[in-house]
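A quick write-up on the structure given underneath.
Counting starts at 1 for both ligands and their atoms, following the listed order. Residues: numbered from 1 along the sequence shown. For clarity, every value in this text was computed on a predicted model and none was experimentally measured.
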Amino acid sequence: MTAVRQLGVLTGGGDCPGLNPVIRAVTRRAIQADIKVVGIRNGWKGLILGDTVLLDLQSVSGILPKGGTILGTSRTNPYKRPEDLAKLKDTLKRLALDALIPIGGEDTLGVATRLSKEGVKVVGVPKTIDNDLSATDYTFGFDTAVNIAMEAIDRLHTTAESHHRIMVAEVMGRHAGWIATCAGIAGGADVILIPEQPIDINEVCSLIKRRHARGKDFSIIVVAEGAQFKQDAHVTREEKLDEFGHVRLGGIGDSLGKLIEERTGYETRVTVLGHIQRGGSPTAFDRILGTRFGIKAVELVLEGQFGQMVSLQGNKIVAVPIEQGTGTLKTVDMGLYNLAKIFFG
Ligand code: F6P
């Protein structure tokens, strides 16, 4: 095993609370092992452009409670243009990086998997507020997002009750409705709509009407941004795709709110939580998980265990082959969703 003298760390894709605790833990543990840490700015873009910064004890001081990422991020896909991939490989060589720790979701770790197959020494760290990566029980950022969404639902509850309104809260969740399900359970939502289950608008409206019939003249509907209608309904979506082919979501809450108001006659208001769920300080859970992931990632580098991703299984941090994290998405556990359904209506 060749000794690792320098390692690179980058954050790619959407930011999320907990990235800075990972960067701090990676840097602290690596410096302890006499490894120099090179921070790569703005995800894969920084490796293409050679945009880097040396991370030392001073640069990671005080970042534990900070949201976002001190390294910046981007959705740049180096496999999109062959010339970018060539530049990325040149940078790796020029900087003499012995190992790379990419912190990211399905897209960033998908690139890491491909690079690993081409011989680059990587150890992945999974992140997403959506909690939809396989092979890990949780990703950091999710707990913070759920707590923010829960607090918003609590707030919507009191105003909904005073005004006898229907409140639709649109939360994040592109492919999986983990945030909607967990925040909905924690906040006592009356209906939770997720991408895994097509929305039956007739069912939603009759549920709301049944609540009214039993004297509950307000309702809280939580909908994940990636949820879709079973029946045809107009949802405005931007057609612009990012470099990984994803459309910009948002708009399902408005469509849903209009349909509910039209069909029930009850005043319906819509709140889109959007990036509020992604910004700001991480919860204790996410700080601890990020810290444990960062430490484990460096330990895997020290052991020469490349092509792996750190993962939370039960209460243990373990290593799994990186492609296991991105191969299939982890959708909502239907047992949990069915539990939430007991409280619908
Ligand atoms: O993947 C995480 C996520 O928060 C999704 O829920 C959402 O669709 C996406 O990122 C939005 O990201 P952005 O607005 O940065 O493009």
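H275 NE2, 2.7 Å is the protein heavy atom nearest to atom 14 (O) of ligand 1. In terms of protein heavy atoms, atom 10 (O) of ligand 1 is closest to R278 NH1, 2.9 Å. Of the protein's non-hydrogen atoms, the one nearest atom 1 (O) of ligand 1 is D130 OD2, 3.4 Å.
Under a hydrophobic clustering in which Ile, Leu, Val, Met, Phe, Trp and Tyr are joined whenever their side-chain heavy atoms come within less than 4.5 Å, directly or via other members, F140 and M309 fall into different clusters. Using a 4.5 Å cut-off between side-chain heavy atoms of Ile, Leu, Val, Met, Phe, Trp and Tyr, with links allowed through other members, I201 and I192 fall into the same hydrophobic cluster.
Taking all heavy atoms of K127, M172, R174 into account, the minimum distance to atom 4 (O) of ligand 1 is reached by M172.
Counting the atoms of ligand 1 from 1 in the order shown, those under 4.0 Å from a heavy atom of R75 are 10 (O), 11 (C), 12 (O), 13 (P), 15 (O), 16 (O). Heavy-atom contacts of I129 reach the following atoms of ligand 1: 4 (O) (cutoff under 4.0 Å). Counting atoms of ligand 1 from 1 in the listed order, those under 4.0 Å from a heavy atom of E225 are 5 (C), 6 (O), 7 (C), 8 (O).
The distance criterion of under 3.5 Å between nitrogen or oxygen atoms is not met by T128 with respect to ligand 1.
Counting heavy atoms closer than 4.0 Å to ligand 1, residue D242 contributes nothing at all. With a 4.0 Å cut-off on non-hydrogen atoms, Q277 does not touch ligand 1 at all. Of the heavy atoms in H246, none comes closer than 4.0 Å to ligand 1.
Residues F293 and L312 come closest through the heavy atom pair CE2-N, 3.7 Å. In terms of heavy-atom proximity, T291 sits nearest to A25 at O-CB, 3.5 Å. When all heavy atoms are compared, the tightest approach of L336 to C182 is CD2-SG, 4.0 Å.
Rounded to the nearest 0.5 angstrom, L97 CG and T91 OG1 are separated by 9.0 Å.
Between the side chains of R287 and N20, no donor N or O sits under 3.5 Å from an acceptor N or O.
At a 4.0 Å cut-off, at least one heavy atom of G173 sits close enough to ligand 1 to count as contact.
H212 and Y266 have parallel rings, their planes meeting at less than 30° on a 0 to 90° scale where 60° marks the start of perpendicular.
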